[in-house]
There are 2 protein chains.
Amino acid sequence: MPRSGEQVRLRLQEAALELYLERGYDKTTTGDIAARAGVTERTFFRHFTDKREVFFDGQAELIELLTGALAAVPAGTRPLPALRAAFHQAVPLIEQNLPVTERRHPVIAATPALRERALAKNAALIDALTDALRARGVTDQLAPLCAQIGTDTYAAAIHRWATDRTDDLHTHLDRAFTDLRLSANALK
Amino acid sequence: MPRSGEQVRLRLQEAALELYLERGYDKTTTGDIAARAGVTERTFFRHFTDKREVFFDGQAELIELLTGALAAVPAGTRPLPALRAAFHQAVPLIEQNLPVTERRHPVIAATPALRERALAKNAALIDALTDALRARGVTDQLAPLCAQIGTDTYAAAIHRWATDRTDDLHTHLDRAFTDLRLSANALK
DNA sequence: CGCCCGGCGTCAGTAACTGACGTTATTGTG
DNA sequence: CACAATAACGTCAGTTACTGACGCCGGGCG
């Protein structure tokens with residue numbers, strides 16, 4: 001059983017967020033974060049592989065939730081409708097994480113290194129959804145394309161929702177997928 | 001007028017590619033690259049901002065070509081057809097760069113740090129295309145989504161073409177956009 | 001009570017970058 | 001054909017992200 005490792009981890013995350021907001025990402029060292037969390041720099045790197053990773057946690061939960069939801073969609077459902085249904089299942093988790101996400105967002109937007117990592121995390125989600133689509137019988141040709149496009153639409157919906165919160169996330173989700181359908185219909 | 005800076009830049013790129021292929025990205029230092037190019041480590045960082053950037057050059061040309069091609073598409077053309085037309089214009093450049101791309105690909109695939117940078121470069125392209133779409137009168141809501149989806153489709157086409165070269169890149173491009181249309185049509 | 005072990009501290013080391021300053025080679029000018 | 005101007009490079013010192021090795025310490029378990 002761990003001593004109190006999980007609490008140290010949480011303190012490190014909170015300390016990093018605070019310092020990144022106060023001084024900016026570049027002007028805070030990993031030693032600063034560790035000091036505010038009451039540990040040494042070495043302990044920081046025992047909990048997080050690098051300075052960026054402390055900002056992106058709980059991604060595994062989202063991937064498990066979405067792949068699980070995708071597997072639960074009735075067989076025979078086409079890829080993009082299946083993805084849309086899975087994303088609807090994730091709405092509560094996203095709404096619940098909004099307070100943290102809103103604090104992180106300006107830091108990520110202002111820091112290229114963090115944007116790169118955010119893109120990498122998104123790519124990992126797409127890879128997982130690609131595998132989940134293949135497990136549903138989607139072609140190797142079609143699975144990566146649909147996973148990518150579906151995730152993009154989902155991301156667009158979240159962005160619209162975060163900037164204009166007059167409507168529900170469910171509503172934005174359906175609206176974004178409708179935009180996708182209408183835009184794609186203009187091809188040919 | 002510069003001394004011979006451009007040749008040094010090219011030697012550094014070639015040296016980096018060779019060393020990354022020989023020992024792998026992690027086991028080659030920036031000093032190694034500089035030494036093989038016949039310069040010092042400091043000079044490496046005068047030509048490239050970091051160790052990853054030496055691998056991603058000529059992105060500006062592609063962005064200029066695509067945004068220019070997008071601006072040249074007849075007004076009134078819907079976003080995704082316009083993007084498809086622009087991507088067709090870039091086919092010669094991509095075919096011409098294939099030899100270099102093929103050498104870089106295995107290194108990028110094996111190196112997470114380089115994949116992150118590749119994703120960032122792709123994101124920069126999407127941002128440029130988003131602006132170009134807005135200049136064509138596309139909504140702020142629709143422009144980012146279409147730029148993202150169009151670029152994804154274009155990337156899928158290139159990937160299919162690179163792995164199965166029996167067909168033309170033009171053919172793969174049209175096929176991928178058709179896949180997009182058919183997949184999106186399954187929404188409702 | 002003593003053993004075990006997981007988490008932490010300490011120390012030393014590597015390598016990616018950065019700023020400051022001096023040096024060389026090329027180019028335009030009289 | 002000198003000769004200044006300047007862009008590119010070398011040198012040096014420094015910071016910081018990250019890693020491996022080893023020792024310590026506290027808590028569970030027989």
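Throughout, protein chains are lettered first and strands after them, A, B, ... in sequence-line order, and every chain is numbered starting at 1. Below, each value reflects all heavy atoms present in this structure, side chains not excepted, and no hydrogens, waters or symmetry copies. Note that the structure is predicted; figures quoted are calculated from it, not measured.
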Rounded interatomic separation in angstrom, taking [atom1] from [X] and [atom2] from [N]:
| X | N | atom1 | atom2 | value |
| --- | --- | --- | --- | --- |
| Phe45(B) | dA13(D) | CZ | P | 19 Å |
| Asp26(B) | dT14(C) | CG | P | 17 Å |
| Gln7(A) | dG7(C) | CD | P | 13 Å |
| Glu53(B) | dC17(C) | CD | C1' | 14 Å |
| Lys51(B) | dA16(C) | NZ | P | 5 Å |
| Arg9(B) | dC9(D) | CZ | P | 11 Å |
| Leu12(B) | dC17(C) | CG | C1' | 15 Å |
| Phe55(B) | dA16(C) | CZ | C1' | 18 Å |

For this session: Would you please confirm or rule out a distance under 4.0 Å between OP1 or OP2 of dC17(C) and any side-chain N or O of Arg52(B)?
Result: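 Yes, because at least one side-chain N or O of Arg52(B) sits under 4.0 Å from OP1 or OP2 of dC17(C).
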For this session: Indicate whether OP1 or OP2 belonging to dC9(D) is found under 4.0 Å from a side-chain N or O atom of His47(B).
Result: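 Looking at the OP1 and OP2 atoms of dC9(D), one of them is under 4.0 Å from a side-chain N or O of His47(B).
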Exercise. When the ring planes of His88(A) and His170(A) are compared, do they come out parallel, tilted or perpendicular, using 30° and 60° as the limits?
Worked result: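 Because their plane-to-plane angle is under 30°, the rings of His88(A) and His170(A) count as parallel.
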For this session: Kindly assign one of parallel, tilted or perpendicular to the pair Tyr154(A) and Phe87(A), based on the angle between their ring planes and the thresholds 30° and 60°.
Result: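 Tyr154(A) and Phe87(A): parallel rings.
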Exercise. What pair of heavy atoms forms the shortest contact from Leu62(B) to Ala90(B), and how long is it?
Worked result: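 Closest approach of Leu62(B) to Ala90(B): CD1-CB, 4.3 Å.
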Which atom pairs, donor and acceptor, lie under 3.5 Å between side-chain atoms of residues 117-129 of chain A and protein residues at least two apart or in another chain?
residue, atom, partner, partner atom, Å
Arg117(A), NE, Glu116(B), OE2, 2.6
Arg117(A), NH1, Asp50(A), OD1, 3.2
Arg117(A), NH1, Asp50(A), OD2, 3.3
Arg117(A), NH1, Glu53(A), OE1, 2.6
Arg117(A), NH2, Asp50(A), OD2, 3.1
Arg117(A), NH2, Glu116(B), OE2, 3.1
Lys121(A), NZ, Glu53(A), OE2, 2.5

Exercise. Cation-pi between Lys51(A) and Tyr25(A): NZ/CZ under 6.0 Å from ring centre and within 45° of the ring axis?
Worked result: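 Judged by the rule (NZ or CZ under 6.0 Å from the ring centre, within 45° of its axis), Lys51(A) counts as positioned above Tyr25(A).
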Problem set entry | 4.5 Å side-chain heavy-atom contact, Arg160(B) and Asp179(B) |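 Sidechains of Asp179(B) and Arg160(B): in contact.
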For this session: Please indicate whether Glu18(A) has more than 12 foreign heavy atoms, meaning atoms of other residues, nucleotides or ligands, lying under 6.0 Å from its CD.
Result: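 Enclosed: over 12 neighbouring heavy atoms sit under 6.0 Å from CD of Glu18(A).
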Exercise. If you take atom types as modelled and just measure distance, does the side chain of Arg46(B) reach the base of dG10(D) with a donor-acceptor pair under 3.5 Å?
Worked result: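 It does, because a donor-acceptor pair links the side chain of Arg46(B) to the base of dG10(D) below 3.5 Å.
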Problem set entry | Interface with DNA chain C, restricted to residues 27-44 of chain A and to heavy atoms under 4.0 Å |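 Going residue by residue through residues 27-44 of chain A, the ones with a heavy atom under 4.0 Å of DNA chain C turn out to be Val39(A), Thr40(A), Arg42(A), Thr43(A).
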